[in-house]
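Working notes, beginning with the structure itself.
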Number of protein chains: 2
Amino acid sequence: MVKMDSTLLKGLTLLEAIVAEGHPIGISALARRVDLPKSNVHRSISALREGGYVNFDAESRRYYPSLKLAQMGRRVNAGFPFRMAILPVLRELVAATGESAHFVLLDGDSVVFVANARPDTTVASVIPDSLSLRWEDTALGVALVSALPPEDRARLLARTETPTIRDWLARTERDGIAQLPRHATRRIFELAAPVRSGWDTVIGAIGITGPSMRFDDAKLPDRISAVTSAARIAFTAHEGLSAGPDHG
Amino acid sequence: MVKMDSTLLKGLTLLEAIVAEGHPIGISALARRVDLPKSNVHRSISALREGGYVNFDAESRRYYPSLKLAQMGRRVNAGFPFRMAILPVLRELVAATGESAHFVLLDGDSVVFVANARPDTTVASVIPDSLSLRWEDTALGVALVSALPPEDRARLLARTETPTIRDWLARTERDGIAQLPRHATRRIFELAAPVRSGWDTVIGAIGITGPSMRFDDAKLPDRISAVTSAARIAFTAHEGLSAGPDHG
DNA sequence: TTGTTTTGTTCTACTATTCAGAACGAAAAC
DNA sequence: GTTTTCGTTCTGAATAGTAGAACAAAACAA
């Protein structure tokens, strides 16, 4: 076993617990949640406070996360290696199709929108960076999962209740592209393909979205080829990058 | 002096350094940056890795932040007490003016967009949550700074090079509202007022933005009164909340 | 190639820090 | 008024982090 700072790990777990709580929480409740002595939590939280990661509501004597994490999160996303590499590809996809382009990564049961590019023209629906969506709720997610190794795909499938998802997955695997002419709740269409690294492991998905009214059968072949070619060049053009995150 | 986990604090500083770097970085460079022994950094970074906060690029043997922080950041922002309290006020402002409404907090030399609301209609420019902008680049920031205690304002002014900013600040202080008919780079107008707590300390700024073409002198008085009244009710309506973050 | 420097990683004895439970007054709840 | 829960401080004992040396593997220079 590798040596490491257990104190640091415990503190981070504590921070996660505070974040997960979603509202200000007191020492005792927190100690119960993470199963640690009160005095211990009290000391650790002092460090988090000193570091500026949590605020203290003096009136209710409760702790809640400060905005520091939110700002660090933005920086992380902005400088994420994948993002830097993928952005030019997305811009090209926007130029080719005139629609918004997106790149997503899998994280647990969700897809995270790591990078987005949109046309200069006015758009109705905007996807913010690092938005997290259930994979089965978007073509990007379906495209990604369709290309996963069987065991991983099975594990994800076991946890979903969407009845038609298996058909959609099968169609996507056959065509190499996930199509969604009209999103269930948002009035948009989606077109997405998995992105593979040089060794054929899936690392994400790339795709475009736009108003459903622009889901035109005549334009479809061109758009499909634009998306698939974007997926192809996505990482062959940037081989210098590593195989990806080793977590998640 | 209060007792606290110094290991945790050191680890967080390390994490901050990795995030600040903006690109993958090795152990030695990192150790130099934070002025700590290599072996020390190595051990701490193992914990960060175990926690899923940093990834390891095996090829270059360099470390970079994972997307975990980005996702935690989103959660933090979504559940931030200020945000919850201010959102209804913003929605009302949107209803009254038909333009996008925003609430910002000061953080260092920047304003952070903590909460945003926008009309149902299509909008060209969208401000994402927790966007960070230099205060002098937006009317929201000018409104906030104009209401700061003299010493704080002077400190911020000393660090800016924008020549016309003093005039703008003076006008804002006189009128109680910051106006910007046309943004320097983006084609929008801005209208903003400082938000004070019950004890007359500034805690943020509230305002609206929209296309410059809609900066109509006839509508201006109504919009100004809408913004100022929103600033007034912003925190009298939510006295239950504490005075705010104790950091920043 | 060869030699030199820098890198990431492991090991160690020393020491400082965290641990866990008890104890406390102050609020809340009953 | 009593009991429970709360946040906080205090301990000795035990553990975990410290800093420097040592190492092989890369990267660099000549």
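Here is how names work: the chains are called A, B, and so on, in the same order as the sequence lines, proteins then strands, and each is numbered from 1. No experiment lies behind these values; they were computed from the predicted model shown.
- Of the two residues contacting DNA chain D, namely B:Arg43 and A:Ala29, the nearest-nucleotide position lying further toward the 5' end is that of A:Ala29.
- Backbone-only engagement by B:Lys10 is indicated by non-hydrogen atom pairs under 4.0 Å involving sugar-phosphate atoms exclusively.
- Distances from the side chain of B:Lys38 to the nucleotides C:dT18, D:dT8, C:dT7 place C:dT7 closest.
- Atom CG of B:Leu8 is separated from atom C1' of C:dC19 by 15 Å (rounded to the nearest Å).
- In this structure, the CZ atom of A:Arg62 is 10 Å from the C1' atom of D:dC6, given to the nearest Å.
- Comparing C:dT18, C:dT9, D:dT8 by their nearest atom to the side chain of A:Ile27 picks out D:dT8.
- Among C:dT18, D:dT8, D:dT18, the nucleotide with an atom closest to any side-chain atom of A:Asp5 is D:dT18.
- We find the CD1-OG distance between A:Ile208 and A:Ser100 to be 9.0 Å, quoted to the nearest 0.5 Å.
- Listed nucleotides C:dC11, D:dC6, C:dT18 differ in distance to A:Ser28; the shortest reach to its side chain belongs to D:dC6.
- Checked by atom type, the side-chain pair A:Tyr53/B:Glu16 shows a donor-acceptor distance below 3.5 Å.
- Atom C1' of nucleotide D:dC6 and atom CG of A:Leu30 are separated by 14 Å, given to the nearest angstrom.
- When distances are taken from the side chain of B:Asn40 to each of D:dA19, C:dT9, D:dG17, the shortest belongs to D:dA19.
- A:Glu136 and A:Thr160 share a side-chain donor-acceptor pair at under 3.5 Å.
- Here the C1' atom of nucleotide C:dT7 and the CG atom of B:Asp57 are 15 Å apart, to the nearest Å.
- Backbone-only contact: B:Ser6 has heavy atoms under 4.0 Å from sugar-phosphate atoms and none from a base.
- For the residue pair A:Asp5/B:Ser44, the side-chain donor-acceptor check at 3.5 Å is satisfied.
- C:dT18 atom C1' lies 15 Å from atom CG of A:Leu9, rounded to whole Å.
- As a whole-Å value, the separation of A:Met4 CE from D:dA16 P is 12 Å.
- One can place CD1 of A:Ile45 at 13 Å from P of D:dT9, the figure rounded to the nearest angstrom.
- Of the two residues contacting DNA chain C, namely A:Arg61 and A:Thr7, the nearest-nucleotide position lying further toward the 5' end is that of A:Thr7.
- With respect to A:Arg134 and A:Asp109, no salt bridge is recorded, no charged nitrogen being found less than 4.0 Å from a carboxylate O.
- Between B:His42 and C:dT9, a side-chain N or O to OP1/OP2 separation shorter than 4.0 Å is present.
- Using a 4.0 Å heavy-atom cutoff across all strands shown, B:Arg32 reaches sugar-phosphate atoms only and no base atom.
- For B:Pro37, the listed nucleotide lying nearest its side chain is D:dA19; candidates were D:dT8, D:dA19, C:dA20.
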